[in-house]
**Q** 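Here it is: the structure, laid out below.
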There are 2 protein chains.
Amino acid sequence: MPKRRILPFIILGIVSNRPQITGREITAEFSTEIGDFWKASHSQIYPELRRMVDDQWLTTTTSPQNAKEKYYLITATGQEILDEWLGRAVDELPIHQDLFSLKLFFIKDPFDPRIRQLIATQTALLQQSLTHLRQRQRTVFPDDQAITRHYSHYLILARAISRTAGQLAWLKNVGDNLK
Amino acid sequence: MPKRRILPFIILGIVSNRPQITGREITAEFSTEIGDFWKASHSQIYPELRRMVDDQWLTTTTSPQNAKEKYYLITATGQEILDEWLGRAVDELPIHQDLFSLKLFFIKDPFDPRIRQLIATQTALLQQSLTHLRQRQRTVFPDDQAITRHYSHYLILARAISRTAGQLAWLKNVGDNLK
DNA sequence: GACTTTTATGTCGATAACGACATAAAATGG
DNA sequence: CCATTTTATGTCGTTATCGACATAAAAGTC
């Protein structure tokens with residue numbers, strides 16, 4: 001059996017929270033909200049949507065204004081499946097496919113200049129990511145009311161920020177020690 | 001084009017550091033040292049080893065004691081390719097395929113009991129992982145000399161510990177707030 | 001020394017992933 | 001209003017992944 005299927009459940013979650021969403025908008029979610037936790041391209045999403053309609057997890061209607069746009073809605077069956085999935089315990093930690101650590105691991109000489117280069121690049125990437133995350137936090141949660149209304153979303157965004165900031169601080173510490 | 005190929009480079013790194021390693025031992029590395037940063041099963045590794053021998057990245061010899069065991073060595077070509085790969089900049093952060101965050105994200109009600117259940121499970125997993133990592137740190141780096149000899153390895157292990165501890169602290173904080 | 005279990009390697013089938021390519025409707029622009 | 005560009009959806013080919021199955025040598029057992 002191949003890897004466990006996750007994508008259809010994520011799509012269920014997206015459609016459940018935003019009825020009448022289009023395929024294009026679902027794809028866009030993976031570049032913004034969901035993007036920090038999962039990636040998917042439109043060439044995965046469109047065939048998946050088709051399968052999910054076939055399986056009666058979703059229904060679809062065509063836009064009256066735009067003949068090629070399709071709106072998706074979750075069915076009762078789909079909602080059941082989503083609820084069951086959300087309630088199922090997560091039984092393993094995510095595997096970090098971390099090229100940075102991997103390359104560091106293979107460079108045995110502590111004075112190899114490539115170490116400092118790797119750290120510099122990684123620091124830049126993390127800094128960029130942190131800026132982006134903080135920007136989003138300001139945009140999505142401008143006040144306490146917004147936090148209360150989407151508390152879970154707030155939690156995971158705060159967690160991502162905390163994690164990224166932690167890694168940055170740690171990298172800085174290492175970089176300073178190498179000087 | 002499908003996803004970028006990483007596995008052969010990891011294998012190059014492993015064989016480079018441990019000449020005369022067997023396929024079984026390479027597989028074992030993914031359950032211990034490398035396991036925190038990459039996963040691969042033997043059914044990926046053996047065909048890959050074959051390809052790499054065909055491509056002259058590795059050479060292989062058969063054990064005199066055990067007819068079915070094969071020893072692998074990196075070739076000059078393989079070493080060049082490995083060095084080039086190690087020097088190449090990592091241009092993107094790892095995507096965290098994080099089911100925990102994903103499920104949280106889809107549960108909008110802050111009082112949904114599944115939130116606390118998710119947090120409890122995640123805490124247990126992280127705690128288990130942290131214990132394991134600290135155990136490894138004690139085993140692999142019993143003294144400063146060991147740290148100096150494999151400084152990079154020490155770095156990434158320390159980083160994993162720091163990250164895991166950070167996430168745990170953060171989860172505990174959230175859990176306390178929900179009470 | 002025949003039998004069973006374990007070890008090390010190898011193979012296969014189903015499907016996930018993803019970039020490249022394709023298409024037709026809608027929007028744009030002169 | 002015709003030509004061009006953009007948008008939204010869809011398709012395809014190649015490769016990655018991984019559990020299940022297979023096999024033959026080695027080790028263990030009585």
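Lettering follows sequence order; numbering is per chain, from 1. It should be emphasised that the depicted structure is a prediction, and the values quoted were computed from it without experimental measurement.
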**Q** B:D54 has an atom CG; how far is it from atom P of C:dG10, in whole Å?
**A**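 The distance from CG of B:D54 to P of C:dG10 comes to 11 Å, rounded to the nearest Å.
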**Q** Among D:dT9, C:dT9, C:dC18, which nucleotide has an atom closest to any side-chain atom of A:Q44?
**A**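 Among D:dT9, C:dT9, C:dC18, the one nearest the side chain of A:Q44 is C:dC18.
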**Q** Output the rounded distance in Å from CD (B:Q97) to C1' (C:dA16).
**A**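 So the two atoms are 11 Å apart, to the nearest Å.
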**Q** Distance check needed: D:dA16 C1' versus B:I6 CD1, whole Å only.
**A**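 Going from CD1 in B:I6 over to C1' in D:dA16 covers 11 Å.
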**Q** Base, sugar-phosphate or nothing for A:T22? Non-hydrogen atoms, less than 4.0 Å.
**A**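 Touches sugar-phosphate only.
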**Q** From C-beta outward on A:S43, which listed nucleotide comes closest to its side chain: C:dG19, D:dT9, C:dA8?
**A**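 Nearest listed nucleotide: C:dG19.
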**Q** With the side chain counted from C-beta on, respond yes when A:D98 and B:R159 share a heavy-atom pair under 4.5 Å apart, and no when they do not.
**A**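 A:D98 reaches B:R159 side chain to side chain.
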**Q** Using whole Å, report how far CZ of A:F30 lies from P of D:dA8.
**A**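 Atom-to-atom, A:F30 to D:dA8, this comes out as 17 Å.
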**Q** Side chain of A:S41: nearest nucleotide among C:dC18, C:dA8, D:dA20?
**A**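 Taking heavy atoms from C-beta onward, the closest nucleotide is C:dC18.
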**Q** Looking only at side-chain atoms of A:H42, point me to the closest of C:dA8, C:dT11, C:dC21.
**A**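 From the listed options, C:dC21 comes nearest.
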**Q** Return the value, rounded to whole Å, for the distance between atom CD1 of A:I45 and atom C1' of C:dA17.
**A**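 My rounded result for the distance is 12 Å.
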**Q** Of all the choices, C:dT9, C:dA17, D:dG10, which nucleotide is nearest to the side chain of B:E69 once you look at every atom?
**A**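 Of the candidates, C:dT9 comes closest.
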**Q** Distance check: side-chain N/O of A:K39 vs OP1/OP2 of C:dC18, anything under 4.0 Å?
**A**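 So the side chain of A:K39 is outside the cut-off, no N or O lying under 4.0 Å from OP1 or OP2 of C:dC18.
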**Q** If you find the nucleotide of DNA chain C closest to B:E25 and the one closest to A:L7, which residue's nucleotide is nearer the 5' end?
**A**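 The residue mapped nearer the 5' terminus is B:E25.
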**Q** To the nearest Å, how far apart are B:R24 CZ and D:dA27 P?
**A**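 Rounded to the whole Å, the gap is 13 Å.
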**Q** With a 3.5 Å distance limit and no angle check, can you tell me whether A:T27 reaches the backbone of A:H42 through a side-chain donor-acceptor pair?
**A**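 Here the side-chain-to-backbone pair does not exist.
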**Q** Would you call B:D176 and B:K172 a salt bridge, using N to O less than 4.0 angstrom?
**A**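 Looking at B:D176 and B:K172, the cut-off is met.
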**Q** Ignoring hydrogens and geometry beyond distance, is a side-chain donor-acceptor pair present between A:T22 and A:E25 at under 3.5 Å?
**A**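 A:E25 and A:T22 do have a side-chain donor-acceptor pair below 3.5 Å.
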**Q** Closest approach to the side chain of A:K70, judged atom by atom: which nucleotide of D:dT11, C:dG10, D:dT9 is it?
**A**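 Ranking D:dT11, C:dG10, D:dT9 by closest atom to the A:K70 side chain puts D:dT9 first.
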**Q** From CG of B:L49 over to C1' of C:dT11, roughly how many Å is that when rounded to an integer?
**A**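 After rounding, the reported distance stands at 15 Å.
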**Q** Rounding to a whole Å, what distance do you find between A:Y46:OH and C:dC21:C1'?
**A**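 Rounded to the whole Å, the gap is 15 Å.
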**Q** Output yes when A:E69 and A:R24 qualify as a salt bridge under the 4.0 Å nitrogen-oxygen rule, no when they do not.
**A**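 Between A:R24 and A:E69 there is no salt bridge, as every charged N stays at least 4.0 Å from the carboxylate O atoms.
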